[in-house]
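Only one structure is covered here, and it is reproduced in the block below.
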Amino acid sequence: MHGLPREVRSWIYNFFYNEHSVAYLKIDAQLCIAAKGGSVKHYGLSSLRIGKPVAEQLEFMEGLLPCPELPYHMAMVELPSGRVADLHLFADNACVWLLFLDATAERDNRQRLQQKAYEMTLLQERERQLNEKLQSTNEALRQSQAGLSREYQRAESLLLNILPASIAERLKADEQIADNHAEVSVLFADIVGFTERARSVGAETTLAILNYFFKAADLLSERYGCEKIKTIGDCVMVVAGLPAARSDHAEALAHYALELRKAVKLERFAGQPLRLRIGIHSGPIVAGVIGKKRFAYDLWGETVNLAARIQTSAEPDEIRISDATHKLLGPDLTCDPLAETELRGTGRVQMWRLPA
Amino acid sequence: MLQKKICMLGGFAVGKTSLVRRFVQSIFSETYLTTVGVKIDKKSVALPDKTVDLILWDLAGEDDIGSFRVSYVRGATGLVLVVDGTRAATLAVALTLRERAEAEFGAMPFVLLFNKSDLADRWAISDSEINELRQLGWQIYLTSALSGEHVDDAFRQLASMVTK
């Protein structure tokens, strides 16, 4: 300042003094207030008593003195009066001066800027957190959807294994299913001598035989457009002509029977070729689903009963068909007539044998 | 007259000012108002054998540790380290600030507060992490300046530590 003219020095002094409301305290070696002056009122320091310890009168001075490194500066300290001051401590012989320079405006400005910056940063942090959460939620959702769709496909394929596809669709649509089918053919087939042979070979081999038989029945159903309705013990029940009607149901099921007989002969059961008794009858039936949880698609009617009885009456390796079925067959399947036979609950019946 | 200077240290927006307001005036405001510089408050704490005035220096939080003004801490006898339990990164900030303060003025008692415990659905600090710190013998509190939960406990604990 020494190089400056007196007027400039004076102007700078006045400007700074007025702008910053300078106040001072002089603190003696006993850490008591020795003197005060300047804008003491501005900082609410009027009541400070000379000769008394400074830390007891100004709480923020607690622990600060004696200060080994003077001068010491603390920026923007908000005082109990609400004023914000830059505090400067500097030494002078045995005394310490404490200067108050008002920084309220500067602090307020800084705060406005800082507030914006921190709010922005907080928003960004929050956004990042939410995005992470969203992503992990999405991932979890995706996984459970994948799991659900696997479950659905499994349920779907299980359903299709026990029900014809069109019936399964209707069942899923909560439809009651009981359909009249005027023209179908029904086949029963079982294994000759099953009970005795099962006893002799044991459960495991028996199961393998049954598995072989039913698998063949399934495969051929697909090939000939028939439906395997169910198995009862060692007996399988297959139908042609439903759920979609077809005029050649009898022929289809006859060919099916011939192939099934051929297929099982390749397998041996208790040392002998696997042999079947097969019976077929044609006529009207009712088809429907019963049960709510463990539902089953099944067929009912006299046609079904008669088909079962014809099957029971058949000889080993024989495919025995009713007269009704025979009338529906084309010329390529010539059958041998059988003597009229008494069937339980039906009386005398004309039946035919499909050729080998 | 027994009075002790205590500094509140932690990242920005972790709740230092709110904890002081809850402790001193028993109030809470949802509005976030960042602190610039430092605010000084006082609260008398009656301990079984004495009463101590805590002079609480509520320091500005930082997002940049480099700009931390350690000079405010001169004369402090204890620290309140504040972490925002919904922002995991603020734990490291609080611990670094403590290191800075202790490097300058030596070791001093402290309590570690995981604040905003009311925001359970956004909580970002695992129990195992907190337990690990407890095993160091640290005094740790899960606080809520909003509800006041454990706020007095934490300050009273520190008051008794700095007057031992």
Side-chain angles (χ1 to χ4, degrees), chain A residues 31 44 52-89 102-126 128-130 132-133, chain B residues 1-7 11-15 17 20 24 31-44 52-64 67-78 84 86-90 104-105 108 116 119 121-124 162:
Chain A
L31 306 184
K52 296 287 178 190
V54 64
E56 285 183 15
Q57 304 184 71
L58 283 176
E59 287 133 7
F60 66 82
M61 290 303 291
E62 173 63 38
L64 278 175
L65 293 176
C67 180
E69 38 173 327
L70 291 173
Y72 202 70
H73 172 224
M74 286 182 293
M76 293 185 282
V77 177
E78 188 175 320
L79 301 170
S81 65
R83 300 284 186 196
V84 179
D86 284 343
L87 301 181
H88 295 265
L89 286 160
D102 191 284
T104 310
E106 190 193 347
R107 199 279 307 262
D108 289 352
N109 274 333
R110 277 275 298 279
Q111 192 188 37
R112 267 194 296 277
L113 290 173
Q114 195 68 78
Q115 178 92 27
K116 288 256 189 311
Y118 282 167
E119 275 174 358
M120 191 65 87
T121 312
L122 283 174
L123 273 177
Q124 284 170 346
E125 277 183 24
R126 185 83 187 111
R128 207 190 57 237
Q129 280 182 345
L130 287 173
E132 279 168 12
K133 204 168 168 184
Chain B
M1 188 167 64
L2 182 60
Q3 60 184 14
K4 296 287 182 183
K5 173 172 173 177
I6 301 295
C7 286
F12 71 96
V14 297
T17 304
V20 171
V24 175
T31 314
Y32 169 51
L33 193 62
T34 188
T35 305
V36 168
V38 59
K39 262 186 226 162
I40 294 153
D41 257 297
K42 184 174 85 171
K43 167 97 170 177
S44 280
V52 57
D53 284 347
L54 296 184
I55 313 300
L56 300 166
W57 285 54
D58 176 17
L59 271 57
E62 303 292 344
D63 62 350
D64 167 18
S67 60
F68 172 60
R69 291 187 187 164
V70 77
S71 66
Y72 292 123
V73 182
R74 174 172 295 284
T77 57
D84 179 345
T86 70
R87 289 152 65 214
T90 59
E104 193 78 18
F105 302 110
M108 60 188 101
K116 309 193 187 179
L119 296 177
D121 60 327
R122 283 166 55 182
W123 199 252
V162 298

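These figures come from a predicted structure and were not determined experimentally. Below, chains carry the letters A, B, ... as their sequence lines are ordered, and counting in each starts from 1.
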Is there a side-chain contact between [X] and [Y] in this structure, where contact means two heavy atoms from C-beta onward sitting under 4.5 Å apart?
X: B/Leu59; Y: B/Phe68; value: yes
X: A/Glu62; Y: B/Lys4; value: no
X: B/Val38; Y: A/Met76; value: no
X: B/Ile6; Y: B/Val162; value: yes

Using non-hydrogen atoms and a 4.5 Å limit, figure out which bit of [X] sits close to chain A: side chain, backbone, both or neither.
X: B/Arg122; value: side chain
X: B/Ile40; value: both
X: B/Lys5; value: both

Notebook entry, point to check: Between B/Ala89, B/Ser71, B/Ala60, B/Gly37, which residue shows the highest count of heavy-atom pairs closer than 4.5 Å to chain A?
Noted result: B/Ser71
Note to self: Counting only non-hydrogen atoms closer than 4.5 Å, does A/Gln111 touch chain B with its backbone (N, CA, C, O), its side chain (CB onward), both, or neither?
What the structure shows: both
Notebook entry, point to check: Relative to chain B, which segment of A/Ala55 carries a heavy atom at a distance below 4.5 Å: side chain, backbone, both, or neither?
Noted result: both
Item checked: Given B/Val24, B/Val52, B/Asp53, B/Val20, the one that forms side-chain contact (heavy atoms from CB on, under 4.5 Å) with B/Lys43 ->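 Considering B/Val24, B/Val52, B/Asp53, B/Val20, a side-chain contact (heavy atoms from CB on, under 4.5 Å) with B/Lys43 is found only for B/Val24.
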